[in-house]
Structures are given as structure tokens and as C-alpha cells.
*Asks:* 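My structure is below; once you've seen it, I'll send some questions.
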Amino acid sequence: MSFDVDVTVRRGGRDLHVAFAAGGGVTILFGPSGAGKTSTLDMIAGLLRPAAGHVRVAERTLFDHAAGIDLPPERRRAGYVFQDARLFPHRRVRANLLYGARSDARLAEVAATLDIAPLLGRWPRSLSGGEARRVAIGRALLADPDFLLLDEPLSSLDADRREEATRAIERVRDAAGLPILLVTHDAAEADRLGDRVVRVG
Amino acid sequence: MSFDVDVTVRRGGRDLHVAFAAGGGVTILFGPSGAGKTSTLDMIAGLLRPAAGHVRVAERTLFDHAAGIDLPPERRRAGYVFQDARLFPHRRVRANLLYGARSDARLAEVAATLDIAPLLGRWPRSLSGGEARRVAIGRALLADPDFLLLDEPLSSLDADRREEATRAIERVRDAAGLPILLVTHDAAEADRLGDRVVRVG
Amino acid sequence: MEDVAGIVRLSLLVGLVATAAALPVAFALAWVLARWRFPGKVLLDGLVHLPLVVPPVVTGWLLLIAFAPEGPLGSIGDRVLFRWTGAAIAAAVMALPLMVRAMRLSIEGVDRRLEQAARTLGASRWRAYATVTLPLALPGVLAGAMLGFARSLGEFGATITFVSNVPGETQTLPLAIYAALQRPGGEALVWRLAAVSVALSLAALVASEALARRAGRGVHVL
Amino acid sequence: MEDVAGIVRLSLLVGLVATAAALPVAFALAWVLARWRFPGKVLLDGLVHLPLVVPPVVTGWLLLIAFAPEGPLGSIGDRVLFRWTGAAIAAAVMALPLMVRAMRLSIEGVDRRLEQAARTLGASRWRAYATVTLPLALPGVLAGAMLGFARSLGEFGATITFVSNVPGETQTLPLAIYAALQRPGGEALVWRLAAVSVALSLAALVASEALARRAGRGVHVL
Amino acid sequence: RRGPLVLAAASMQEALTDAADAWRAQGHARPVLSYAASSALARQVMAGARADLFVSADAEWMDAVAAKGLIVAGTRATLARNRLVVVGRVGGPRLGTLRGAALARVLAAGPLAMADPDSVPAGRYGRAALTRLGAWEAVAPRVVRAENVRAALALVERGAAPYGVVYATDARAARGVAIAGYFPATSHVPIVYPVARLSASDEAEGFRRFLLSTRGQAILARRGFARR
Ligand SMILES: Nc1ncnc2c1ncn2[C@@H]1O[C@H](COP(=O)(O)OP(=O)(O)OP(=O)(O)O)[C@@H](O)[C@H]1O
Ligand SMILES: Nc1ncnc2c1ncn2[C@@H]1O[C@H](COP(=O)(O)OP(=O)(O)OP(=O)(O)O)[C@@H](O)[C@H]1O
Ligand SMILES: [Mg+2]
Ligand SMILES: [Mg+2]
């Protein structure tokens, strides 16, 4: 199992319960706005503590309420592309990209794939919406993650950029064989990338 | 002419020039990431000052470099849905929605259309991405604008919500006859809503 | 002489009036310093910081010169010299730099894009300021008010130099404490008065923390 | 007696050492107060504010008691009493509340979701703190350092009570100004010394503004 | 070489600075002089801070230090005396030998600046004198208590108060202020500045003796102090 998730959390007055188990490749998390997709990713990444349940990714237990296991986020090794970009405003694009990287060996390659090479010297605040999004994708990819959590990573990208970013994600999926959990509202995107779909809400 | 725009601005070391004239209904602003779509909306809304050119909306001159006209944003009466939600974090959803409204007469109707009625008492920070986006749309609609500037308003919405929001926009277009400028990367959305497409970049 | 209740009442009066009077001035200064660019800004900034750097005695002395009969503000000197109003002026002047700094820090931290959003929704510059910037800077305003009040409660040097130590008029807690310290064996009274000072400021602190918590419920949104 | 250069050197030494020593303490306190919840937090907060509320003379006296041979810190009393080190201690204690407030305000303003982003990228709690929270709180740290330094330059009451007014050891600018004020006809020297104080703090202000501008280039991103 | 550390009342600043210069001119190390309020200095001594000589502005603080056994036996002596005066603005009326109701009427016409009569020595002497002259009760409500004599003098200098009660030594050098009248020596206990040695330092003892010598006394007299 790539993802073996069974979590409960209380959000805004009601209980959110999400449970699924999925094999390798790309798993699509699909569901209406407010269903709890982002909350689920947060729980897998270790940013939100479930009230009960467990989170296992690639046979590694990241959280287990019963067993008292709760790895801190930095030891979970998730490559998380947030729904908002969350770039570090005090670091230039280059430093943002390299924040979680062991070395800058793959910087040029990733920057070229995502078409952000000309932006390396810029401050995040001067980026357009789509540019910031691509930098956020690059930052997650460069951190050598064990798995990817992508929260609508392709929204606000035009068709060409979307195609390139999609290919970058496919390459990660195929080459490194990383488990990927992807949130999207776009059926075409889900069809093309997803190996299976999990419905939330 | 609904929109008569001819503006130049310097952004990140290069000059951005956008010029178009469009009749009533919905005009789609289409172009790759970083092309200058958001910058264009900012210039029309009065948040970014063009180096030269003019902005006329529904025969009203909002900006004219040569004539020295530059209306402040509050007198341009734009209903601007930003690419990021930009909700006021210190006001609950209800107060956010009513910020620009003359009265709360239409609050219930708009909230119902956008499916945000249950959220009225919430703080913005507790909203999901799609929820925040819908509140932002509602806030712009309730301000009684003379025209709408929509920067990817439907991204991060699921199909149902997207449908409802689309219908709300169509209703505004048809009933009040407001000129609308819409940025989207989604061809289907452009096809359905747009009366014409302007390419940027 | 040891009318502790009277001294406390006077200290509170002076502290509250000083804080209330300095608040709008401090806020205007903080705004100008945070959001405007103009030549001589550093000078204004320096002027605001002055009471912090110059020994309080000198500040008190300058106030005395200003309000003395022949000074530039001599015409209202009678309503100020040796009066609690003068003590409040001294406290306000000494508290001002602390208030400005805290407020300025918060104003600089407010996301200007939120002000822009307010403008597109029809708010004038001033309404946007009052309904967005100001409430979002509230933690700093509260911190500034708290700092200012605490500083006012502790103000000594400028006050005694400017308006002297008149029991019932200008003898606030620090002045009473100082007087007690001057007497061999005055320690017991010093402790009592100091304990009262501390209790007052703790109460103010708790109140301001509670307010700040209420005010800070929002902040940071997508 | 009027060795102005020597007085300035000493004041700078005392002010810089006091600020440098108080900085990490203030930052740790600010962090604890901004980010932790624990019983007795208000008490710690009150304790930090104490030197602001209690008259400086009392603070100086408490320091004197603490460092006196029979006091709790008596063992190092000899290295502190009547020495510049003691003046630095007094200045640091008096500056602490101002520094903590400014820093706390800035730390509270840092978006915690950015810290979370850092954690998912493999940063430990401490690394996230050092590489994200701290630099984003830098405006407050700088403002705090600036306030602390200015306050140190102006510190008088606690210093003279604690370590007396020893030329060349503890006679900083404010104490020299006090001495000059005590002499009939000493006004000319008072003006000169006050002008030097003001010039020093203006220079510090300009430096801190420049630093803050450099540090604040980012901030507020989508 | 550092000289002995002398803690001295702020009001003796100029006189003792002159004396220290003269002492150095004789080939000795110049004493290090720390001027502050007598109360602050006495507390420092009583806390155990190490100094060599203490000059207090009144007997009470010296008594307090002595009671703690911190004075070297046999070294306490009266260093100088002072007089109490009423000051007014230059060109103002002379008070002559006013006493009782007449004095009260003049002084109570406006704020009367003096050092705190409850705590600062000069203020205590002033209250005693005014009481003896039968004017205290009437003027007490108009008294403004300054931090020290110099601050009281500044209030008169600036016109904030028409009259002030200060030491003759302070009144002498002030600009814009003139002595309006002297208090009779019998109206208060003698104003004395006691000196005492606190350590075994020979240099301190030398300086102490120098201060008490004819030479030293002459230097103090030049600054307006009466001889002991
Ligand atoms: N801090 C919070 N406090 C209270 N309720 C919250 C909080 N955060 C999220 N919620 C609520 O929890 C629910 C799930 O939110 P979540 O962000 O996981 O939704 P989502 O599926 O990602 O939606 P979207 O597609 O709109 O991003 C929503 O109803 C949201 O309002
Ligand atoms: N403050 C700024 N300083 C410098 N360059 C900027 C600034 N803001 C935007 N830019 C640049 O201007 C260009 C246009 O940006 P804009 O936000 O208008 O693009 P956009 O068409 O909206 O893109 P997207 O679809 O990605 O949102 C981009 O290349 C961007 O990097
Ligand atoms: Mg979401
Ligand atoms: Mg854009």
C-alpha cells in the first residue's frame, strides 16, 4: 500500500472522517469544496493532528493514535505543494527552491522544466500567481521527498505550463516511483494523471 | 465599448503593453502565466498606475495619462475578485461580504447562490480554499459594482460549485448588463461564458 | 503624607490621561513613519525618540523651560506647572516613543493588499485605513498603549523636574517612593508603594492581554 | 572632568554591551511569551515589565541589594559595583521590557503556516525557527535593539543608584549631564552632552532604519 | 594610578573637585569623586560596596552608615557648613529680617520652591527654619518639593516659582537669581557636611586630612561653604 489512511478530526463543529488505502502511482483526492481534502493532506503531512486513526505511507507508519506514534513533519518527508503557495517571502526564488534540498545539483533541471529559470533572482512578492505556484512545485520536488502531496498544483496555470508541470509530475511518478496524492477539481487532469480516485465528503 | 483599455507598465524589467476594446457581456482575458493578466486588472481597478495610456469602462474614463485623469480605486466601482482571496482576516464572513454593500438586502440571496450561507459566522482563517474563493466572489457582487474584474474566480471550485458560481456570474451579466472581464485558463469556461477572447502576451 | 489611596488615585489619573492623550498622537506619528516617504523623516523619527535617549531630568527641564512664564507655552503654564496636568504631560512625552514604536511595527506588518481590496470595494483611503489597517494593527496599538501606561506609572525624573513633588497634585507613586527612599528607614513604605505599582501594572497587563486575544482572533488568511 | 570623548566612549561601551547582552534574553522571552501557553505566563510577563513600572531608583536599589556582598549575587559583586559592568547591567535590565515587547509583537505577526511549510521541507522546529520565524521577525528584533540601545543611552536613575557616578567607570552621558546640572552655570555643558546623546541615537536610528529596509525587502506574498 | 574612591553629596561637587585638583597638584593620585544624592551613596555604602571616603550632605545618613559599623573609628568630622537662604529673581524685593505673618504673606503669594521637606536635607532645614519663624503653616500648602536644591533653584530661575529656599552655596553662582534674605543661624540646627573614612586606605586618610586642613578649608570657602 502506498497510502493507508484512516483519520478522524474535528473541524468547524463537525467530525471529518477520511479512510482509504491505495497502491502505487497517483491517487486522486476528489470532492466538493470544504469536504476535507486539504485537511487530509495536512494530517498526512503532520501539520494537523487527527483525533484518532492512523497514517501509513509506503509501509512507514507516520501516525498511529493507538500506538502513540506521531512523527514530526520534518521526519515524514512529504513533498507538500500547498493550496496557497506559501513561499518564504524573505528568500529569493532560488533560496526558496533550495530550502529543503541537499544540494543544488537538480536546481537547473527542475527550474527549466517548470519554466522558472528566469525568476531565480526574484523576490516572491513580485511573482504572478502562476509563477509562485510553479516555484512551490519546484521547492517540493527538490526536497527529495518520499511522497508527494499536491493540493490543486495546476490551478492558475495556462495550458502549456500545465502540460509541462504535469509531465514533471509524471516523470517523478515513473522514475522514482514516489506515491503521489493529488487534489484536483479537473476531471481531465484526474483522468490523465490518476491511477485511482478517492472521493472525500 | 464596455472596455477600452490601452496601457503600458514596467514590470520586472520589461515593458508590458496591453490594448483592447470590447463590447458588452463577458470578455475573456487569456494568456500564459506571467503574461500580465493580473497586472491589467490591477490597472483597470486603479491599484497599479500605468506609465501611459488610458482606461475607459462603459464610456467612463477611469484613467487617461494624457488628460491627467486617474480616479482613485473607490471611485472606479470595480467588483474585483482577486487571484488570491484577500478576505479581511479580522472580520467574519458576514462582515466581509457586507464590506462594500449599501445594505444587507441581497446578502441572503447571494450567500445561497454561492452556497456559503452556513459560513456567515466563521472567521476567514477557518475557511477552505474554495470557501474563501466563494466568499470573495460574493463580496465583490454585493458591492454594487459598475463592472466586474474576475481573476480566475472558479479555480479551486468543484464542478457543482463552479456551475453555481458560473450561473451567478451569468445572471449578473444578463440582468444588470454589467461589463465583465474574466481571466481563466480553462477553455471550457471561456467558451461557455465568454462573448469574446482577448489574448495577452 | 502616607495617603496611599490618594497617591494611587492620582497615579491612575495621570497614567490614564497621559496614555489617552498620547494615543492618537502616537498613532498618527506611527502611521506617518510607517507609510510615508518624505525628506526629513529620520529627523522626525529622531525627535520622537528623543525622550528615550535624553535623561528624563533634561526632558523635564526642557518642559519647564517651555511652560515657564517666559517660555513659548508660558500662556498656559499656570494650568500646568505644579499641577497634575503637568505630570500627565511629562508622562505622555516620556511614553510617546515607546507607543510610536510598537504601533509603527504593527502598521508596517499590515498587508497593503488588504487595504487595496477595501479601496476597490468603495472605501476611501480613510475608511480603508479605519476599517482595515487600524484593526489589523490593533495588537500593536494595544501593546503601545500598555507600554505607555506602564511607562507613565513609572515616570519619575521628568515629572519631578518639571512639576515638582506636590502631594495631591503631582506626587504620583514613583515620586512618593523616591521621597520615602530619601529617608533613612523609609524602606517599609517603599515596599508598600512599589507593591501597589506592580499590582496596578499587572492588572493593566492582564486587561491588555485579554483585549489583544479578542482582537487577534482573525489574522493570516489564505 | 569634562573629558567628553571619554564619557562618550564609556556610554557607547555600556550601551552596546547592554544591548548585546539583553538581545538574546529578550528574544527568548519574547518567543516564550508569543508562542507558548503555560500557567503563570502573566506573571512572567509582569516580571518582564517590572523595570518599566517601578521607578528606576527602586530598580537600581534592588540591583544593589542583589549584588551586595550578602546578596544572592554577592559573589560577583566586586566585579560589578562601581564598575562599568554594573552600569551595563542596569541599562540592560531597564531596556529589557522594551526589547521584549517589540520582538514579541513581530513574532506574533509571523504567519505560522510558513513555519509549517519549512517543517514539511525537512526543517526541524529549531531550523524552521532560525530560518523562517527569526528573519521574518527581524523588523521587530531591530526595533527592539534600537529601542534598547536608545534606552541604554538614556538610562540614569537605576545606574546612579546601583553603581554610583564614578568618572571613567560608571559616569555615562546621563550621569555626566546630571553632574553638570548640579553645578550652577553648568548649562553649557549640559547642552553639549545632550547634543552628543542625540547625535549618537540619531546615528543608531539611521543605521537601524537602513538595516530594517534591507531586511524588509520581502514580506507579504501570495 | 587610581586615587581613592570618594562618595560625595552632589551639592559639594565644585568644592570637592577644586580640592581634588589641588591635592593632585601636591603630587598625589587624584581621588575619584562620585557625586550623587546622599541617600543613594549611603545605601551603596550600607549595601557593602567598597569606597574609601564618604561626604554626606547631612548628619542623618552619616549616622545610618555609622550605625552599621562601616566607619573607621575616629575619622568622622565636620567638613563644612552651609547657610540657608531665600532666593528670588534678580531685582526682586529684599525680605530683610521678615518673620511670622509678614514672611508668610510674601512667601505664600506664589509657589515656594524647596527641596522635599520630608526627605531631602535642605528641605528639612528649610521647614525647621520656617517653622521657627512662624511661617510654615501658612506656606506649607504652596510648597513645591523639588528633587534637590538645584532643581528648586531652576524653578525660580525659570520664573515658575517666585521664591525658593536653597543653600547659600547654590544661590551664589546661579544666574537670574538673587538672594532675597538669609535665615538666621538660630532658626535651624547647624547645616553640616560630615566626612568619614570607610576603608583603611592611607591615601584616603591623607585626602581627608587635606580637606580638613587650613588649605582645604580655604578651597571650600571659595565655593561659599562656611568653615567648620
Ligand atoms: N481552522 C479551522 N477551523 C474550523 N473549521 C475549519 C478550519 N479549517 C478548515 N475548516 C473547515 O473544515 C472543512 C474542510 O476544510 P478543507 O480545507 O479540508 O476543505 P477542502 O476539501 O480542502 O476544500 P477546498 O476544495 O475548498 O479547498 C471546511 O468546511 C472548512 O470550513
Ligand atoms: N511587483 C512586481 N515586481 C516585478 N515584477 C512583477 C511584479 N508583479 C508582477 N511582476 C511580473 O509581471 C509579469 C506579469 O504579472 P501578472 O501577475 O500580471 O501575470 P499574470 O498574467 O496574472 O500571470 P498568472 O496567470 O501566473 O497569474 C510577471 O512576469 C511577473 O513576474
Ligand atoms: Mg483545500
Ligand atoms: Mg495573475
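Note that this is a predicted model, so its numbers are computed, not measured. Below, chain A is the first sequence line, B the second, and so on; all start at residue 1.
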*Asks:* What's the spacing between C/R151 CZ and D/R151 CZ if we round to 0.5 Å?
*Replies:* 6.0 Å
*Asks:* What part of D/L33 is in contact with chain C, defined as an atom under 4.5 angstrom from a non-hydrogen atom: side chain, backbone, both or neither?
*Replies:* neither
*Asks:* Sort D/L147 into side chain, backbone, both or neither according to what part of it lies under 4.5 angstrom from a heavy atom of chain C.
*Replies:* both
*Asks:* Chain D heavy atoms under 4.5 Å from C/L50: which part of the residue, side chain, backbone, both or neither?
*Replies:* side chain
*Asks:* Report the distance from atom OG1 of D/T161 to atom CG of C/L181, rounding to the nearest 0.5 Å.
*Replies:* 8.0 Å
*Asks:* With heavy-atom distances below 4.5 Å as the criterion, would you say the side chains of C/W61 and D/V190 are in contact?
*Replies:* yes
*Asks:* Chain C heavy atoms under 4.5 Å from D/L205: which part of the residue, side chain, backbone, both or neither?
*Replies:* side chain
*Asks:* Find the distance between NE2 (C/H49) and CZ (D/F149) and round it off to the nearest 0.5 Å.
*Replies:* 12.0 Å
*Asks:* Sort C/R101 into side chain, backbone, both or neither according to what part of it lies under 4.5 angstrom from a heavy atom of chain D.
*Replies:* side chain
*Asks:* If I take atom CG from residue C/L202 and atom CG from residue D/L43, how far apart are they, to the nearest 0.5 angstrom?
*Replies:* 6.5 Å
*Asks:* Is it the backbone or the side chain of C/V53 that comes under 4.5 Å from a heavy atom of chain D, or both, or neither?
*Replies:* both
*Asks:* Which distance, rounded to the nearest 0.5 Å, do you find between the OG of D/S201 and the CG of C/L52?
*Replies:* 8.5 Å
*Asks:* I'd like to check C/V57 versus D/I177 (side-chain heavy atoms, cut-off strictly below 4.5 Å). Are they in contact?
*Replies:* no
